[in-house]
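Here is the structure we will look at.
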Amino acid sequence: MEDQLLKSTTRHIRIFSAEVDKDGELVPSNQVLTLDVDPDNEFNWNEDALQQVYRKFDELVESYSGADLTDYNLRRIGSDLEHFIRHLLQSGQISYNLRGRVVNYSMGIPQVAATEESKN
């Protein structure tokens, strides 16, 4: 039986039931999940924040251990990761990339700290 490509696509998270081959192509797999974080570069990331997303992904995948690999389960993981990214943004661990191709503040209006000059 041939492996079927399942995927979950949210604004900032893409999950595929596939491996990336040497040419960068997705090869369907029922054993491997591939995670693409913030494909449109809407946020400024640091290594710590990115690793937090990967750890959260691993934790969520582990929570489905033994369950069938389904579109629904992948969508739940993707949705939970979206909420986690919102937490990272709201806690100041990541920020919007104002030089990005698209700036639409999809996670809410950013907070801008008042400067001393603007207070006067």
Side-chain angles (χ1 to χ4, degrees):
M1 184 172 141
E2 187 174 315
D3 290 336
Q4 179 182 357
L5 177 66
L6 300 177
K7 64 182 176 177
S8 169
T9 303
T10 65
R11 174 105 180 116
H12 306 104
I13 295 292
R14 294 183 185 154
I15 305 170
F16 303 95
S17 62
E19 295 181 77
V20 180
D21 71 10
K22 64 181 178 0
D23 298 322
E25 299 294 321
L26 290 174
V27 177
S29 170
N30 286 330
Q31 304 300 315
V32 176
L33 294 177
T34 296
L35 175 64
D36 185 6
V37 177
D38 191 19
D40 294 323
N41 296 316
E42 187 172 345
F43 301 110
N44 295 310
W45 291 91
N46 59 58
E47 190 60 30
D48 180 58
L50 198 54
Q51 289 304 315
Q52 286 184 61
V53 173
Y54 289 128
R55 283 191 302 272
K56 185 67 170 178
F57 174 69
D58 289 343
E59 174 187 311
L60 291 167
V61 169
E62 182 64 29
S63 74
Y64 284 92
S65 179
D68 290 338
L69 182 61
T70 64
D71 281 329
Y72 178 76
N73 291 344
L74 285 184
R75 285 194 306 270
R76 296 246 348 229
I77 292 169
S79 179
D80 287 346
L81 287 174
E82 275 291 316
H83 292 297
F84 187 72
I85 289 173
R86 176 172 286 141
H87 161 75
L88 293 175
L89 179 66
Q90 291 174 344
S91 65
Q93 296 179 64
I94 62 174
S95 61
Y96 282 108
N97 176 8
L98 299 179
R99 292 184 178 88
R101 183 176 58 85
V102 176
V103 180
N104 69 2
Y105 306 116
S106 63
M107 293 283 194
I109 302 295
Q111 295 179 5
V112 179
T115 64
E116 285 301 314
E117 290 178 19
S118 66
K119 290 180 185 178
N120 298 328

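In this text, all values refer to a predicted model and were calculated from it rather than measured experimentally. This chain uses plain numbering: 1 for the first residue, then up along the sequence.
A donor-acceptor pair under 3.5 Å is formed between the side chain of Asn73 and the backbone N or O of Asp68. Checked by atom type and distance alone, the side chain of Asn44 never pairs as donor or acceptor with a backbone atom of Ile94 at under 3.5 Å. A distance-only check finds a donor-acceptor pair linking the side chain of Thr34 to the backbone of Ala18 [under 3.5 Å]. The main-chain N or O of Glu42 is never found under 3.5 Å from a side-chain atom of Asp40 such that the two would form a donor-acceptor pair. The backbone N or O of Phe43 sits less than 3.5 Å from a side-chain atom of Asp38, completing a donor-acceptor pair. Asp23 places no side-chain N or O within 3.5 Å of a backbone atom of Glu25 that could act as its donor or acceptor partner. Checking side-chain atoms of Ser17 against main-chain N and O of Gln4 turns up a donor-acceptor pair under 3.5 Å. The main-chain N or O of His12 is found under 3.5 Å from a side-chain atom of Glu82 such that the two form a donor-acceptor pair. In this structure a side-chain-to-backbone donor-acceptor pair under 3.5 Å is present from Ser91 to His87. Checked by atom type and distance alone, the side chain of Asn46 pairs as donor or acceptor with a backbone atom of Gln93 at under 3.5 Å.
Closest non-hydrogen pair, Ile13 versus Leu81, comes out as CG1-CB, 3.8 Å. The shortest non-hydrogen separation linking Gln52 to Leu88 is OE1-CD2, 3.6 Å.
At a threshold of 4.5 Å between side-chain heavy atoms, the hydrophobic network of Ile, Leu, Val, Met, Phe, Trp and Tyr places Val37 and Phe57 in one connected group. Put simply, Tyr64 and Leu74 are part of the same group of oily side chains (I, L, V, M, F, W, Y) that touch within less than 4.5 Å, one to the next. Follow the hydrophobic side-chain contacts under 4.5 Å out from Phe16 and you reach Val20 in the same cluster. Cluster membership check: Tyr54 shares its hydrophobic cluster with Val61, using side-chain heavy-atom separations under 4.5 Å among Ile, Leu, Val, Met, Phe, Trp and Tyr.
Annotation: the span from Leu50 atom CG to Glu47 atom CD amounts to 5.5 Å, rounded to 0.5 Å. Atom-to-atom distance recorded for Asp36:CG and Ile15:CD1 is 10.5 Å, nearest 0.5 angstrom. Going from atom CZ of Arg99 over to atom CG of Asn41 covers 13.5 Å, rounded to the nearest 0.5 Å. Considering NZ of Lys7 and CG of Leu33, their distance stands at 14.5 Å, rounded to 0.5 Å. Rounding to the nearest 0.5 angstrom, the gap separating the OG1 atom in Thr10 from the CD1 atom in Ile77 is 12.0 Å.
Counting only heavy atoms from C-beta outward, the side chains of Leu60 and Phe84 never approach each other to under 4.5 Å.
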Applying side-chain contact (heavy atoms from CB on, under 4.5 Å), run through Glu59 and Lys56 and close with a yes or a no. CA-CA 5 Å; Glu59 174 187 311; Lys56 185 67 170 178; 3.2 Å; yes
Evaluate the criterion side-chain contact (heavy atoms from CB on, under 4.5 Å) for residue pair Glu19 and Leu26; output intermediate values, then yes/no. CA-CA 6 Å; Glu19 295 181 77; Leu26 290 174; over 6 Å; no
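At most 12 non-hydrogen atoms from other residues, nucleotides or ligands lie less than 6.0 angstrom from OH of Tyr72. Taking a 6.0 Å sphere around CZ of Arg76, one finds it holds 12 or fewer heavy atoms contributed by other residues, nucleotides or ligands.
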